[in-house]
There are 2 protein chains.
Amino acid sequence: MSTLEPVTSIPQATVARLPLYLRALHQVAEAGNPTVSSAGLAAAAGVNPAKVRKDLSYLGSYGMRGIGYDVATLTQQISASLGLERGWGVALVGVGRLGQALTNYAGFANRGFAIKAVFDSATDQVGTKVGPLTVQHVNELPQVVAAQKIAIGIIATPAEAAQDVCDQLIAAGVTSILNFAPCVLFVPKGVDLRKVDLAIELQILSYHEHHKTLPDRGTRLAPRRRRGSSVPSRRTRAISGALPTRTTRTKAVDE
Amino acid sequence: MSTLEPVTSIPQATVARLPLYLRALHQVAEAGNPTVSSAGLAAAAGVNPAKVRKDLSYLGSYGMRGIGYDVATLTQQISASLGLERGWGVALVGVGRLGQALTNYAGFANRGFAIKAVFDSATDQVGTKVGPLTVQHVNELPQVVAAQKIAIGIIATPAEAAQDVCDQLIAAGVTSILNFAPCVLFVPKGVDLRKVDLAIELQILSYHEHHKTLPDRGTRLAPRRRRGSSVPSRRTRAISGALPTRTTRTKAVDE
DNA sequence: GACTGTGAAATCGTTCACAGCC
DNA sequence: GGCTGTGAACGATTTCACAGTC
């Protein structure tokens with residue numbers, strides 16, 4: 001494993017961007033470049049170069065002044081930091097349409113996540129196949145999670161069932177959960193929870209769209225002043241402000 | 001320094017939480033309560049009460065001291081702020097498994113989003129049905145978007161196709177885009193872009209999971225110190241913290 | 001007494017700007 | 001000259017704490 005890493009705790013915001021850099025690095029690697037500058041990575045990841053440098057410096061990074069970063073080294077450093085090289089087993093509960101789509105999502109597998117088992121509580125679902133996996137009843141969770149050493153669970157059930165399923169996952173030994181059900185879940189300390197709410201994203205878009213066509217009244221968009229620095233492009237950022245991102249995607253053109 | 005800006009706008013972080021409150025309010029309403037306190041809402045939304053109050057104060061909201069917020073009024077205030085009551089038409093491109101799941105996702109419809117048309121470029125998909133909708137060829141985008149006054153697009157294609165589709169959506173007149181493809185997209189000014197990357201969320205969990213099993217070292221995550229008020233507890237919220245955020249892009253570079 | 005609204009403080013995150021290395 | 005690493009400035013967000021209202 002990675003030996004002497006300066007584990008001075010990486011800021012959350014940076015952690016959330018590491019997967020982005022990883023994706024960008026794959027792109028760069030495919031283009032055949034052995035090294036990449038912070039500006040190059042920034043362009044590929046859609047962030048600003050200073051941020052890239054600061055983020056990478058938290059990893060105790062290996063950039064070379066005058067040159068940039070070695071693509072292979074950096075890729076492996078970030079992977080190590082994220083804990084991706086050890087390959088995680090994942091259990092998914094709820095094989096509705098979303099659950100099925102997630103089970104077959106290629107982006108998981110090629111980042112080191114293997115969906116090892118899928119569950120549902122509907123007896124008419126149990127026994128059917130989703131991809132190569134046979135749907136099992138949620139009651140089987142404890143055995144399967146233990147047997148396969150699964151640490152991560154994905155909840156893709158309706159909101160009503162989610163807390164129950166969540167509790168069962170935790171009881172079975174899962175310690176990280178990704179929730180797609182549109183509800184708040186409570187978990188004990190030591191369990192990590194993240195959520196993706198599809199409708200929330202649309203509502204945020206709605207806000208901006210609404211205020212785009214409403215130039216005045218009530219809450220208005222403040223005109224933004226962009227500083228000089230970069231941005232020679234013809235396409236530029238949307239809306240305004242800075243750019244971090246909390247919930248999002250991965251993967252690039254690799255494979 | 002900035003000039004004199006009419007900063008009456010709601011902070012991004014707050015906008016991102018409004019949908020959460022909306023969801024919480026529906027829960028509260030269902031429980032039959034006519035009013036709710038900031039603490040009650042906070043518990044239902046999984047955030048802290050002070051944040052709720054601050055957020056709601058940006059709406060110029062009408063809470064009642066000693067009482068709390070009127071559920072119906074607040075619901076309608078937030079909906080109005082988000083622009084939800086006007087009902088948005090949405091076009092979705094890419095009817096793979098994810099696209100199909102999204103098309104049928106109930107959470108959209110009951111927040112005022114109607115998927116009006118679905119598109120794909122695969123000719124063997126065109127003409128098939130997804131729910132009540134017939135898949136159309138992407139070439140039809142301009143006509144359909146114009147005819148149905150669609151302002152929001154969802155991209156659920158593979159990464160390779162996403163920028164192209166994005167450009168076509170914009171050319172057709174769409175001004176807000178939600179991207180599920182695992183890649184960075186560039187959009188012109190005035191177009192709002194948000195993204196959801198399923199695998200990125202898993203990688204963030206991986207980071208925490210990884211560092212959970214490697215505790216040691218003095219420099220650990222500071223155990224968060226809660227002062228007073230908080231959620232019921234025993235179960236506390238996990239990592240969580242903030243939510244999704246902005247989306248942006250700069251620079252156009254490689255293709 | 002219960003609860004909101006909000007300045008002010010604390011914290012977190014981003015960007016600048018420049019010294020130092022290749 | 002090109003580029004990283006990072007202190008320091010800045011900006012945004014969260015939280016505190018309390019005055020004010022019902």
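Basis for what follows: all heavy atoms, side chains included, without hydrogens, waters or symmetry-related copies. Naming: A, B, ... by sequence-line order, numbering from 1 per chain. As the structure is a computational prediction, the values presented were derived from the model and not from experiment.
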Considering only C:dT6, C:dT14, D:dT4, which nucleotide approaches the side chain of B:S57 most closely?
C:dT6

Could you state the OH-C1' distance from B:Y21 to C:dT4, rounded to the nearest angstrom?
14 Å

Along DNA chain C (nearest heavy atom to each residue), the more 5'-positioned of B:A39 and A:T14
B:A39

Need one value for B:S61: base, sugar-phosphate or nothing, where a base atom within 4.0 Å counts as base even if backbone is also close, heavy atoms only.
sugar-phosphate

Just the rounded figure in Å: distance from P of D:dA17 to NZ of B:K51.
17 Å

Within the 4.0 Å heavy-atom criterion, would you say B:G66 contacts the bases, only the backbone, or no part of the nucleic acid?
base

Could you tell me the separation between the CG atom of A:L56 and the P atom of D:dC3, rounded to a whole number of Å?
15 Å

Starting at CZ of B:R53 and ending at C1' of C:dG7, how long is that distance when rounded to a whole Å?
13 Å

Quiz question: by atom type and distance under 3.5 Å, do the side chains of B:D55 and B:Y21 form a donor-acceptor pair?
yes

I need the B:H211 NE2 to B:S206 OG distance, nearest 0.5 Å.
8.0 Å

What donor-acceptor contacts under 3.5 angstrom involve side-chain atoms of residues 31-41 of chain B, with partners at least two apart or in another chain?
residue	atom	partner	partner atom	Å
B:S37	OG	B:A39	N	3.4
B:S37	OG	B:G40	N	3.0
B:S38	OG	B:R53	NH1	3.2

Rounded to the nearest Å, what distance is computed from the CD1 atom of residue A:I10 to the P atom of nucleotide D:dG5?
14 Å

Please evaluate the base of D:dT21 for a donor-acceptor partner in the side chain of B:R65 within a cut-off of under 3.5 Å?
no

Closer to the 5' end of DNA chain C via nearest nucleotide, is it A:M64 or A:A50?
A:A50

In whole Å, I'd like the distance from the CG atom of A:N33 to the P atom of D:dC3.
12 Å

Using whole Å, what does the distance between atom C1' of nucleotide D:dT4 and atom CG of A:L41 come to?
13 Å

Please confirm whether the shortest side-chain N or O distance from A:R17 to OP1 or OP2 of C:dT14 is below 4.0 Å.
yes

Between A:I67 and A:K54, who's closer to the 5' end of DNA chain D by nearest nucleotide?
A:I67

Give a yes/no answer on whether the side chain of A:Y62 brings an N or O atom under 4.0 Å of OP1 or OP2 in C:dC21.
no

Just how far is it from atom NZ of B:K212 to atom CG of B:L205, taken to the nearest 0.5 Å?
8.0 Å

Quick one: is A:S38 getting a side-chain N or O under 4.0 Å of the D:dC3 phosphate, OP1 or OP2?
no

Just by distance, with hydrogens left out, do B:E85 and B:S79 show a side-chain donor and acceptor under 3.5 Å apart?
no

Below the 4.0 Å mark, does D:dT13 have OP1 or OP2 next to a side-chain nitrogen or oxygen of B:Y58?
no

Tell me the interatomic distance from B:D55, atom CG, to D:dA12, atom C1', rounded to whole angstroms.
13 Å

